Amino acid sequence: MSEYTPPLDDMKFTLKQVVDVDSLAEFPSFADIGLESLNDLLDEAGRFFNEVISPTNRTGDLEGSSLNSDGSISTPTGFKEAYAQYVDAGWGAISFDPEYGGGGFPWLVGIAVTEMLTAANMALSLNPMLTQGSIHALTAHGDSNQKLTWLPKLITGEWAGTMNLTEPHAGSDVGALTTKAERQDNGTYKITGQKIFITWGEHDLTENIVHLVLARTPNAPPGTKGISLFIVPKYMVNEDGTLGEANDVKCISIEHKLGIHASPTCVLQFGENGGAEGYLVGDENSGMRYMFTMMNQARLAVGLEGLSVADRSYQQALEYALERRQGRREGTAKGDSALIIEHPDVRRMLMTMKSYIEAMRCLIYLNAKSIDVAHNHPEETARERGKELTDLLTPLSKGWCTDLGNEITSLGIQVHGGMGFVEETGAAQHYRDIRIAGIYEGTNGIQAIDLVGRKLGMRDGEVVYELLSEIDSTITILLDNDMKEIGSSLQDANESLRAASTWLLENGGGGSDAGLAGATPYLRMFGTTVGGWLLAKSALRAQELLSEEPENVSFLEAKVETALFFAQQLLPQVTGLLPSVISGADSLFAIGSETLRR
């Protein structure tokens, strides 16, 4: 089984040539952080995640995390040591506020580093991912004392953070939660209730765990309007910053899951002995609004999981295809077998994996850059446009990329043939691990509903139409630059996407069953079109660099050919999906619910 090797050349090309990371140096926030040293930073990160984190992936899958009788959890062999090196190296702090110990780099750079961490070991990466979410929420909504108390050690990774949203009866309906928070005379709150599916809710990697908990205060309004957000630490923190006594929170069980075995998914009981002490973040009844502050970054991070695990699966499948011999091809010597990579169907699978992965990377990096623009551009109008683009791209990054993560890791097994179904090759782990990503942070169906119900209607559809017009501009360049086949295919896709967008806007979007019925195929159309557009831009830039007689000719020529493959083989799906979007909901409900059982 192969280890993960970060695709640094492709990452650097995407950062510099496709999404233009260097332009961020013009923002005052990033003027002095040293973006000119980005290549060296990525090289060192690649070495670290290859040598230190990647070897723990298989161990974590085989051993898993285990719950002890006292409610503590033991992580797999090597996890504590690897995580300690991650903290010491400062990788988790790279994109956070320097005022609290962060590195101050753009979120785009942090996403590139996180891609490597996630591909190296998805289960382990979920711990820093949840911590990052806690940092975002407290940075945006915590008071000055809370920031000083909690952010420095969350940013370094010495402490971990979690999100405690759902409960046994609630599922995705967060508004149905019943966990209680009762105010005390000293201004703290006593938290009582049970939370489920808490990723890394208990573990032995850090000395403290800072739980962000959604709960209801007495007489709070029903539904999501009555939810408040609380900081509930595993251990209390003394005034001098040292750790005090244990809080009244306990892990009572962990889930036995399809994949990510090393990531303990916990059931947490708050208040078994009178109530866990918690601290209100911001105002009462504003918890859901605060949680949505961190949602774009969290959903982007989950979309990144689709990219990262798909890439690791592709690397292993490619290595196998370059070694495995089976069958014959024209010219194969008598008595010999051909490498399976020479067979057209295996090539088709590998090229599908490769082109989707590169399109996903472009999309996620562009999404991350839009976050940087939204938060750091010196001009307010540009910040607003950055926020709009962030809002539009986020359901694509999360939904499209995690759907593809499932499909690509399945292809990874298929390339291996029967050996892919055998656990000892390790190919199946990627398939099992990534399956949860389409469920995390709002299922992909919810992402599609969000796209048609909220994002499509921004400025009465103008945000979407402006992006489609930008794609049209690229099509014009393609048709004028000897890339007519790519341009023509992208044009067909964009016209179909425009037709679908108009139909949804005219038929109620997310406010009608017709719109909801078309939401999932619409998200697929949108993601595939944007992916094809970004690969086309990548091909155009590669063509420009080829004219400058570069050293890496084969790499740049592959960029053009990958975009062409995507245009020929994958972009036509977009036009094929149009009828699914605009057919309405009648066929979904034509058969009665009871009849479906027969």
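Quick caveat: nothing in here was measured; it's all calculated off a predicted structure. Heavy-atom basis, side chains included; hydrogens, waters and symmetry copies ignored. Numbers for residues simply follow the sequence, beginning at 1.
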Measure the shortest side-chain to side-chain distance between [X] and [Y] over non-hydrogen atoms and say whether it is less than 4.5 angstrom.
| X | Y | value |
| --- | --- | --- |
| L212 | F230 | no |
| I371 | L300 | yes |
| T14 | L534 | no |
| D311 | P7 | yes |

*Parallel, tilted or perpendicular: ring planes of Y86 versus F48, cut at 30 and 60 degrees*: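 The arrangement is tilted - the two ring planes meet at 30° to 60°.
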_Is it true that K369 and S23 share a donor-acceptor pair across their side chains at a distance under 3.5 Å?_
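The answer is yes; a qualifying pair exists.
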*Do E379 and T381 have side-chain atoms, one donor and one acceptor, less than 3.5 Å apart?*
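No pair is found: no donor N or O on one side chain lies under 3.5 Å from an acceptor on the other.
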So, the side chain of [X] versus the backbone of [Y]: is there a donor-acceptor pair under 3.5 Å, distance only?
| X | Y | value |
| --- | --- | --- |
| Y83 | T206 | no |
| T149 | Q146 | no |
| T131 | G161 | yes |
| R383 | H375 | no |
| Q447 | E441 | yes |
| N121 | L124 | yes |
| S473 | S469 | yes |
| S95 | P106 | yes |

Heavy-atom neighbours of [X] [atom1] exceed 12 at 6.0 Å:
| X | atom1 | value |
| --- | --- | --- |
| K80 | NZ | no |
| E239 | CD | no |
| D482 | CG | no |
| Y235 | OH | no |
| D460 | CG | no |
| N238 | CG | yes |
| K387 | NZ | no |
| R454 | CZ | no |

_Check against salt bridge (Lys or Arg N to Asp or Glu O under 4.0 Å), K153 and E207_ = CA-CA 10 Å; K153 291 200 173 183; E207 59 183 8; 3.6 Å; yes
*Centroid separation F96 to F105 less than 6.0 Å*: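 Centroid distance F96-F105: not below 6.0 Å, so no.
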*Could you check T390 against N367 for side chain to side chain donor-acceptor pair (under 3.5 Å), going step by step and ending with a plain yes or no?*
CA-CA 6 Å; T390 296; N367 201 160; 4.6 Å; no
If the threshold is 4.0 Å, N to carboxylate O, is there a salt bridge linking [X] and [Y]?
| X | Y | answer |
| --- | --- | --- |
| R524 | E407 | yes |
| D9 | K559 | no |
| D472 | R498 | yes |
| K147 | E99 | no |
| R361 | E358 | no |

*CG on L130 to OG on S134, rounded to 0.5 Å*: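 Those atoms lie 6.5 Å apart.
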*Out of curiosity, C401 SG to L307 CG, how far, rounded to the nearest 0.5 Å?*
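Atom-to-atom, C401:SG and L307:CG are 6.5 Å apart.
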*Where do W200 and H211 land on the ring pair (Phe, Tyr, Trp, His ring centres under 6.0 Å) test, with the steps shown first?*
CA-CA 10 Å; W200 285 93; H211 302 292; over 10 Å; no
*Between K12 and D43, is a salt bridge (Lys or Arg N to Asp or Glu O under 4.0 Å) present by the stated rule, with each step listed?*
CA-CA 10 Å; K12 292 173 184 177; D43 288 343; 2.6 Å; yes
*Check the pair Q316, Y4 against side chain to side chain donor-acceptor pair (under 3.5 Å), reporting the backbone distance first and the verdict last.*
CA-CA 8 Å; Q316 184 167 340; Y4 166 68; over 6 Å; no
*Applying side chain to side chain donor-acceptor pair (under 3.5 Å), run through E3 and S54 and close with a yes or a no.*
CA-CA 6 Å; E3 297 294 350; S54 181; 2.8 Å; yes
